[in-house]
Amino acid sequence: MTFRPYPLAFLLAALTSCNSADKADTPTTPAKPKEWSMLNFTKVDSANPIMGPSPVGVFTDPILMQKVQWEEKDVFNPAVVVRHDTIYMLYRAENIAKGAVSKASRIGLAFSTDGIHFTRRREPVFYPDNDAQKKYEWPGGTEDPRVVEDANGMYFMTYTAYDGDKARLHVASSPDLVHWTKYGNAFTGAKNDEYVPKWSKSGAIVSRYEPDGRIVATKINGKYWMYWGDAQIWAATSDDLIHWTPIEMAPGEKPPVPLRAQAQTLPNLKIVLPTREGKFDSDLVESGPPAMLTDQGILLIYNSRNIPAIGDKSLPEGTYTAAQALFDKNDPTKLLLRTNTYFMRPEKPYETTGQVNQVVFLEGLARLRNTWYLYYGTADSKIAVATRPVE
């Protein structure tokens, strides 16, 4: 499928948002790089945070039937794709609760030709509506997208549908990143209906990151694969990128760690990346950007949360950091290697203080020309970026 650049009307309907500071960029890697991992990212402190809340974005909410400043409170947790030598960002945004209007998450679209300065659309492109998914998406909203494309250029997005009580992993597709078709729960199907009522989040589909920047979902042994979860990390397979089947444990198999939090509701699932007692990822682990299929294996950048009482005592309570893991490219459930420490942590004021303190949350990775751009939410409030050269 051939895509064309956005028309002038799109550009005229957009607004620009970036913040800058006269500082030196800061390396984020406390450990020596390994051949399989992608370390040595440098935070772009001269521009970070690159996006934040804005009062300019306004649209008429189809459920409330009134105008909402949909991104005036917080802007964070972005997905990114590359086409036409341009980075397109799908980001989560929240409005301020006012009277009968409660806070909700919606997904906006922005674009950049340099990876740093973004122009954003005035209206969100994905949000709760009066459709079949309303009961799952309202009043909490649509959150935390990850986006890949298939071999024909159709985009597939995994996102969190939040009804105000429970998070559920949902799927949608689009030919142009603006017009989306919702398919509902990722695990819907005769065999998987038992997972629909359960808490589920954060789907990172295994893909090839092509030299032209495309992130293309790639089958392994005849199936698409996805890492998902925000207590432990599990895996799932699919034939069509829409309907997914979670991988369960074999008969007699036991979880590698005691089950806590949401993992207790999913006792039959095979944990492929567990939390680790005494470390920075002691409390939870959660998938980051789409997983990268490489010659060495499948690289997964993941987010993690720490509790000092059971984890790293040098990190504040609830700190979110990021690390990396490598899985077998022929058996995506087989963990081969894992970094011993994080490669990114909250350091700057906009990372340590916000809606949720002490958070860097990685969701978007893009290759634009000769540079990797790693985008992340900061303190659930703003968006920042770190870069490294393509080797």
Side-chain angles (χ1 to χ4, degrees), residues 35-38 78-82 90 144-160 169-174 183 186-187 189 192 195 200-230 232-248 269-274 285-304 322-339 362-367 372 374-375:
E35 181 181 357
W36 60 271
S37 56
M38 290 182 67
V80 288
V81 301
V82 174
L90 290 128
D144 297 357
R146 280 97 168 155
V147 181
V148 302
E149 59 183 285
D150 68 8
N152 297 315
M154 179 67 73
Y155 293 101
F156 288 84
M157 176 170 67
T158 60
Y159 70 98
T160 299
L169 183 61
H170 279 215
V171 179
S173 71
S174 172
Y183 298 104
F187 304 129
N192 305 317
Y195 293 107
S200 57
K201 286 184 66 180
S202 304
I205 296 171
V206 177
S207 304
R208 289 198 178 276
Y209 284 65
E210 301 291 357
D212 63 2
R214 292 177 302 130
I215 306 172
V216 183
T218 304
K219 288 185 176 180
I220 298 173
N221 299 325
K223 297 282 188 180
Y224 294 110
W225 286 80
M226 173 175 70
Y227 297 104
W228 65 281
D230 73 330
Q232 307 292 332
I233 291 180
W234 300 284
T237 61
S238 173
D239 294 320
D240 58 8
L241 295 172
I242 298 171
H243 306 93
W244 294 85
T245 299
I247 301 297
E248 297 183 344
L269 293 185
K270 181 179 181 65
I271 296 172
V272 297
L273 188 76
V285 287
E286 185 168 357
S287 306
M292 180 185 295
L293 183 59
T294 73
D295 291 340
Q296 290 80 21
I298 303 168
L299 173 64
L300 178 68
I301 295 174
Y302 70 94
N303 301 291
S304 57
Q324 301 181 24
L326 187 73
F327 294 87
D328 192 301
K329 63 182 179 181
N330 297 311
D331 179 2
T333 68
K334 183 179 179 181
L335 178 63
L336 300 178
L337 295 165
R338 188 173 184 177
T339 53
L362 286 52
E363 276 192 38
L365 176 65
R367 175 178 177 172
W372 289 105
L374 183 57
Y375 297 92

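All heavy atoms count here, side chains included; hydrogens, waters and symmetry mates do not.
- Of the options Thr158, Leu90, Val80, a side chain to side chain contact (heavy atoms under 4.5 Å, CB included) to Arg146 is made by Thr158 and by none of the others.
- Taking OG1 of Thr237 as the reference point, atom NZ of Lys223 lies at 5.0 Å (rounded to 0.5 Å).
- For Tyr227 against Pro332, the heavy-atom pair with the smallest separation is OH-O, 2.6 Å.
- Pairing each heavy atom of Ala325 with each of Leu335, the nearest pair is CB-CD1, 3.9 Å.
- Annotation: side-chain hydrogen bond (donor to acceptor under 3.5 Å, both in side chains) contacts involving residues 207-220, sequence neighbours excluded, comprise Asp212-Arg214.
- Two residues are said to be in side-chain contact when any heavy atoms from C-beta on lie closer than 4.5 Å; Tyr159 and Leu169 fail this criterion.
- Distance OG1/Thr294 to CD/Glu35: 9.5 Å, rounded to 0.5 Å.
- Side-chain N/O atoms of Tyr183 and Ser173 include a donor and acceptor closer than 3.5 Å.
- Identified under the side-chain hydrogen bond (donor to acceptor under 3.5 Å, both in side chains) test for residues 328-337, with sequence neighbours left out: Asp331-Thr333.
- One distance of note links CD of Gln296 with CG of Leu337; it measures 10.5 Å at 0.5 Å rounding.
- Counting only heavy atoms from C-beta outward, the side chains of Leu374 and Leu362 approach each other to under 4.5 Å.
- We find the CH2-CD1 distance between Trp225 and Ile298 to be 8.0 Å, quoted to the nearest 0.5 Å.
- Partners of Ser238 under the side chain to side chain contact (heavy atoms under 4.5 Å, CB included) rule, at least two apart in sequence or in another chain, are Tyr224, Asp240, Trp244.
- Residues Ile233 and Ser202 are not in side-chain contact: their nearest non-hydrogen atoms beyond the backbone lie 4.5 Å or more apart.
- Heavy-atom minimum distance, Asn303 versus Gly288: ND2-CA, 3.7 Å.
- Among all heavy-atom pairs drawn from Ile215 and Pro290, the shortest one is CG2-CB, 4.1 Å.
- Closest approach of Ala204 to Leu300, counting heavy atoms only: CB-CD1, 4.2 Å.
- Glu149 places none of its side-chain heavy atoms less than 4.5 Å from the side chain of Met154.
- Contact check for Val148 versus Val206: no side-chain heavy atoms found under the 4.5 Å cut-off.
- Residues Leu299 and Gln324 form a side-chain contact, since some pair of their non-hydrogen atoms from C-beta on lies under 4.5 Å apart.
- In this structure, Glu286 and Ser304 have side chains that are not in contact, with every pair of non-hydrogen atoms separated by 4.5 Å or more.
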For Tyr155 and Val81, what are the C-alpha separation, side-chain angles and deciding distance, and is it a side-chain contact (heavy atoms from CB on, under 4.5 Å)? CA-CA 9 Å; Tyr155 293 101; Val81 301; 4.0 Å; yes
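- For the pair Leu241/Val171, no side-chain contact is recorded, criterion being any heavy-atom separation below 4.5 Å from C-beta on.
- Checked against side chain to side chain donor-acceptor pair (under 3.5 Å), Asp144 has the following partners two or more places apart in sequence or in another chain: Asn77, Arg92.
- Ion pairing between Lys270 and Glu248 fails under the 4.0 Å rule for side-chain N and carboxylate O.
- For Asp230, the side chain to side chain donor-acceptor pair (under 3.5 Å) partners two or more places apart in sequence, or in a different chain, are Trp199.
- Minimum interatomic distance between Ser200 and Trp228 (heavy atoms only, all atoms of both residues): CB-CZ3, 3.6 Å.
- For Trp36 and Phe327, the distance between ring centers is not under 6.0 angstrom.
- Take Ala323 and apply the side chain to side chain contact (heavy atoms under 4.5 Å, CB included) test, not counting sequence neighbours, and it matches Phe280, Tyr302, Thr339.
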